[in-house]
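So the structure is just underneath, and the comments pick up after that.
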Amino acid sequence: MTAPPSAAPANEAGKPVILAVDDDPQVLRAVRRDLRSVYADRYRILGASSAGEALKVLDILDERGHDPALFLVDQRMPDMTGVDFLLEAVSRFPDARRVLLTAYAETDAAITAINKVRLDYYLMKPWDPPAERLFPVLDDLLSDWLAAYRPAYQGIRVAGHVVSARTHAVRDFLTRNGQPFLFLNVATDPEAQRLIDQHPDPNPDLPLVVFPDGTVLPAPGTTQLADQLGLSTTASRPHYDTVIIGAGPAGLAAGVYAASEGLSTLLLDADSPGGQAGTSSLIENYLGFPAGLSGGDLTRRAVSQAGRFGAELLHPVEVMGLRRADPARILTLADGSEISAETVLLATGVSYNRLDVPGADRFEGEGLYYGAATTESSSCISHHVFIVGGANSAGQAAIHFAKYAAKVTVLVRAHSLEAGMSQYLVDEIRRTPNIEVRLSTRLLALDGDRHLERVTLRNDRRRTETEEAARFIFTFIGARPRTGWLDGVVECDERGFILTGPDLMHSGKPSSSSWPLERAPLLLETSVPGVFAAGDVRAQSIKRVASGVGEGAMAVALVHRYRAGGGGRPERRPTRVPGQP
């Protein structure tokens with residue numbers, strides 16, 4: 001048995017624990033060696049040669065307040081089976097991930113463990129090579145555990161007003177970048193007032209953001225936060241095979257495929273990875289996740305995957321311009337710097353439409369929010385929340401906020417929920433007792449003093465108007481593409497969505513005004529050769545996470561075809577357009 005947790009060096013004591021249990025000394029040594037080679041800088045690697053010894057380790061961990069992240073346990077041990085040990089272990093530490101080591105003939109035990117102890121994974125011995133059969137499995141499990149891990153708090157603190165546009169912006173940025181923080185309400189929390197009193201300015205701008213190293217930032221913008229958090233905002237090289245603008249599902253999928261296939265790949269995002277999907281509280285119809293997953297979890301996994309293959313991600317970095325300098329494409333960033341690329345993928349996504357009603361501008365971020373804004377969930381406890389919109393994103397938000405709010409009212413302009421929402425969401429809304437749906441209803445105005453207090457609603461069917469108390473409104477009323485910076489660069493439709501491939505064709509041939517080469521544009525290629533578009537920003541795209549991921553992957557295949565065909569060099573126009581009858 002290793003040194004007990006209570007005897008750990010000071011620099012080890014704060015680390016989460018990985019506990020390996022196996023009665024075969026040779027196997028235990030191999031497990032500990034492999035675990036230490038990869039995880040020793042972030043986790044304490046403990047081992048036990050029997051289930052009895054392992055239970056003693058659990059006693060010490062429990063007594064000392066240490067957190068086990070993962071149990072890696074052999075099934076066949078003389079004093080207790082691995083399944084029986086895990087039953088005891090998870091009763092004490094239910095959040096720890098569980099992996100069972102089995103022999104080839106013990107798959108029945110693994111199936112039993114899946115049902116009895118919610119086993120996360122089982123590995124058959126031997127697991128060589130660990131880089132292929134062990135570490136990827138543990139990486140995913142530990143990443144999931146870390147995402148939900150809430151240790152004794154020593155991290156970022158945010159002191160501000162509960163309803164404040166500046167405070168909301170800071171909280172939203174930290175949340176979407178996976179940065180845990182403690183929010184302190186200046187109206188009720190003594191610690192918040194203490195932090196303000198310690199600031200040299202007697203009236204600092206709020207929110208006040210305090211970092212573990214002692215740095216204090218009053219009302220910081222995203223650039224200041226990114227610098228303090230060490231987020232990458234500078235490219236490592238001047239030229240890339242492909243640059244992807246936008247790190248939503250389409251952009252992240254393209255980043256994974258491009259980097260995994262050997263292309264030097266750079267992703268740029270003006271805000272935070274994930275796009276609109278990243279704010280979703282639960283995506284239930286994404287293939288392979290029957291229990292659903294949050295947009296944050298999907299984003300975190302995709303960012304990690306792209307980085308594992310070597311893709312660079314810079315954010316918040318805004319792209320201001322795009323131009324041709326054959327054979328390269330040149331991107332101009334907000335700070336004036338430039339990056340060149342052989343190919344570019346536009347995956348900038350969409351933004352929710354703004355409300356065009358009195359009071360909307362005044363209360364944005366102070367009671368009115370565009371998108372799910374899950375950072376405000378705790379603020380909505382016991383309040384009445386209004387959701388504006390009738391599509392899937394509105395339905396997901398309604399179900400999410402119903403877990404916190406006393407009541408959720410969904411305002412839908414259409415005459416039925418089914419008109420714009422998937423049936424599984426319609427059914428879930430109808431099963432949720434504190435969700436009310438008002439059909440044929442519009443929001444006419446917002447009003448209040450320092451923050452939102454009242455709304456005026458109109459029922460078009462009854463032709464009546466009512467004024468009601470309201471503290472929180474979340475809107476999902478259609479989307480507009482983020483293409484303003486591309487005006488005059490690539491051809492778009494009348495709504496600003498980017499035209500690609502067949503949509504650039506007129507009478508079966510590319511328009512001379514929209515396409516400069518003899519060859520036809522590739523399926524996702526824009527009016528600028530070598531510049532592609534994927535996901536929600538593309539005209540005629542299907543606005544779903546899965547389709548965005550598919551288009552991102554498809555775009556990389558087309559990038560390879562573009563490069564293999566000589567890039568933007570003129571070619572003889574084919575007599576038939578590929579993909580056209």
Is it true that atom CG of L229 has more than 12 heavy atoms of other residues, nucleotides or ligands lying nearer than 6.0 Å? yes
What one should report as the nearest heavy-atom pair of V545 and A277 is CG2-CB, 3.8 Å
More than 12 non-hydrogen atoms from neighbouring residues, nucleotides or ligands closer than 6.0 Å to CG on D197, yes or no? yes
Gap separating the CG atom of L504 from the CD atom of E525, nearest 0.5 angstrom: 8.5 Å
Closest approach of L322 and V489, non-hydrogen atoms and distance? O-CG1, 3.6 Å
State, yes or no, whether a side-chain contact exists between K407 and S382 at a heavy-atom distance under 4.5 Å. no
Using 4.0 Å as the upper bound for N to carboxylate O, is an ion pair formed by D144 and R97? no
Where does the angle between the aromatic ring planes of H315 and F173 fall among parallel (under 30°), tilted (30 to 60°) and perpendicular (over 60°)? tilted
Axial cation check for F183 ring with R171, 6.0 Å and 45° limits: yes
Any idea which heavy atoms bring D503 and A539 closest together, and the distance? OD2-O, 3.8 Å
Working to the nearest 0.5 Å, report the span between CG of L142 and OH of Y149. 12.5 Å
Closest non-hydrogen atoms of L333 and M320, given as atom of the first, atom of the second and distance, are C-CG, 3.9 Å
Around atom CG of L287, are there more than 12 heavy atoms from other residues, nucleotides or ligands closer than 6.0 Å? no
Taking atom CG of D201 as the centre, report whether more than 12 heavy atoms of other residues, nucleotides or ligands fall under 6.0 Å from it. yes
Please report the closest heavy-atom contact between F532 and T526, naming both atoms and the distance. C-CG2, 3.8 Å
Interatomic distance, CZ@R461 vs CG@N459, rounded to 0.5 Å, equals 7.5 Å
Are any non-hydrogen side-chain atoms of V319 and T332 less than 4.5 angstrom apart? no
Between the CZ atom in R324 and the CD1 atom in I330, the distance rounded to the nearest 0.5 Å is 12.0 Å
Any donor-acceptor N/O pair, N392 side chain to M421 backbone, under 3.5 Å: no
Once rounded to the nearest 0.5 Å, what's the spacing between atom CG of L231 and atom OG of S272? 8.0 Å
With distance as the sole test, does R362 use its side chain to make a donor-acceptor pair with the main-chain N or O of G448 at under 3.5 Å? yes
Y404 vs H400 aromatic rings, parallel, tilted or perpendicular, using cut-offs 30° and 60°? tilted
Inspect the surroundings of CZ in R454 and state if more than 12 heavy atoms from other residues, nucleotides or ligands are less than 6.0 Å away. yes
Within the 4.5 Å heavy-atom criterion, are V528 and R329 side-chain neighbours or not? yes
Check the pair F363, H451 against ring-ring contact (aromatic ring centres under 6.0 Å, His included), reporting the backbone distance first and the verdict last. CA-CA 6 Å; F363 295 111; H451 55 76; 8.2 Å; no
Determine yes or no for a side-chain-to-main-chain donor-acceptor pair under 3.5 angstrom, with N177 supplying the side chain and Q179 the backbone. no
Contact summary for S379 and V162, nearest pair of heavy atoms: OG-CG1, 3.6 Å
A quick test of your reading: do over 12 heavy atoms of other residues, nucleotides or ligands sit less than 6.0 Å from CZ of R480? yes
F474 vs F401, test: ring-ring contact (aromatic ring centres under 6.0 Å, His included). Steps then yes/no. CA-CA 10 Å; F474 300 88; F401 284 110; 4.2 Å; yes
Strictly distance-based, threshold 3.5 Å: is any side-chain N or O of T175 a donor or acceptor partner for the main-chain N or O of D172? no
Quick one: do N185 and T188 satisfy side-chain contact (heavy atoms from CB on, under 4.5 Å)? Show the steps, please. CA-CA 6 Å; N185 184 353; T188 60; 3.4 Å; yes
With ring-ring contact (aromatic ring centres under 6.0 Å, His included) as the test, would you mind laying out the steps for F476 and Y352 before giving the verdict? CA-CA 6 Å; F476 308 82; Y352 286 112; 5.3 Å; yes
Testing the 3.5 Å rule here: is there a donor-acceptor pair between the side chains of E364 and Y369? no
Flag this pair as yes if the NZ/CZ of R157 is under 6.0 angstrom from the six-membered ring centre of F181 and inside a 45 degree cone about the axis; otherwise no. no
Whether D297 and R300 form a salt bridge (side-chain N of Lys/Arg under 4.0 Å from carboxylate O of Asp/Glu) is what I want to check. yes
